[in-house]
Amino acid sequence: VTREIMLLEFSSSIMCLILAGKVGSNIASELGTMRVTQQIDALEIMGVNSANYLILPKITAMVTVIPILVTFSIFAGIIGAFCTCWFAGVMNAVDLEYGLQYMFNEWFIWAGIIKSLFFAFIIDICTEVQQMANHVIKIGRENIFYNTIDIIIDLARGEESFRFVQ
């Protein structure tokens, strides 16, 4: 049970929720500062598509880096399990290794990585669309938190439209 929770939930979902607050607020503050100092307007005056110039690199970076972080998180969780068994003396490493390999389903790793791709895209799009389209200057961790909770509720209900909290 712990193996499945680690691979399916902790490594992808929980880590992406943590990153949503930190990375999302950093992206929002950067775009808000660029809006206030009229850097985005300057890009539009120069004929540069500001949305492509500012948003596309961030989407590419998030979709590339977050699955790598999920993979690192999976390995860190397994190493943490071995350290816990070793230092706490709960069981020996051979039994833990057997338990990890017993009826192992490789799909759980791929499911965690695929979930992280979607979470990375959603985190980035929610933050940047709200900043670029609505010209919102004041956006913080609370707003990112409410957007993330709203997305989770919509996904649980099976709805495909995402609402933005303002």
For Gln39, enumerate each residue passing the side chain to side chain contact (heavy atoms under 4.5 Å, CB included) test, keeping only those at least two apart in sequence or located in another chain.
-> Met34, Thr37
Could you tell me whether the side chain of Leu43 reaches within less than 4.5 Å of the side chain of Leu54, counting heavy atoms only?
-> yes
Residues Leu96 and Cys85: closest non-hydrogen pair is CD2-SG, 3.8 Å
Here the gap from Thr84 atom OG1 to Met91 atom CE, rounded to the nearest 0.5 Å, amounts to 10.5 Å
Of all pairs that satisfy salt bridge (charged side-chain N to carboxylate O under 4.0 Å, His left out), the ones with a partner from residues 62-76, not counting sequence neighbours | none
Scan residues 75-86 for pairs that pass salt bridge (charged side-chain N to carboxylate O under 4.0 Å, His left out), counting only residues two or more places apart or in two chains.
-> none
In this structure, CE of Met15 is separated from CZ of Phe72 (nearest 0.5 Å) by 10.0 Å
Provide the full list of salt bridge (charged side-chain N to carboxylate O under 4.0 Å, His left out) pairs with a residue in residues 59-85, sequence neighbours left out, each pair given once.
-> none
With ILVMFWY side chains joined below 4.5 Å, transitively, what does Val90's cluster contain besides itself?
-> none
Side-chain atoms of residues 102-122: list all donor-acceptor pairs with protein atoms under 3.5 Å, sequence neighbours left out, distances to 0.1 Å.
residue, atom, partner, partner atom, Å
Asn105, OD1, Trp107, N, 3.2
Glu106, OE2, Trp110, NE1, 3.1
Lys115, NZ, Leu8, O, 2.6
Lys115, NZ, Glu9, OE2, 3.4
Lys115, NZ, Ser13, OG, 3.1
Ser116, OG, Ile113, O, 2.6

Indicate every side-chain donor-acceptor pair of residues 63-71 with a distance under 3.5 Å to a residue at least two apart or in another chain.
residue, atom, partner, partner atom, Å
Thr64, OG1, Thr60, O, 2.6
Thr71, OG1, Pro67, O, 2.9

For residues 89-105, which residue pairs qualify under salt bridge (charged side-chain N to carboxylate O under 4.0 Å, His left out), counting only residues two or more places apart or in two chains?
-> none
Apart from Trp86 itself, what residues make up its hydrophobic cluster, given side-chain heavy atom links below 4.5 Å?
-> Phe87
Taking a hydrophobic cluster as the set of Ile, Leu, Val, Met, Phe, Trp and Tyr residues connected by side-chain heavy atoms closer than 4.5 Å, whether directly or through intermediates, do Ile74 and Ile79 fall within one such cluster?
-> no
Looking at residues at least two apart in the chain, or sitting in another chain, which of them share a side-chain hydrogen bond (donor to acceptor under 3.5 Å, both in side chains) with Glu30?
-> none
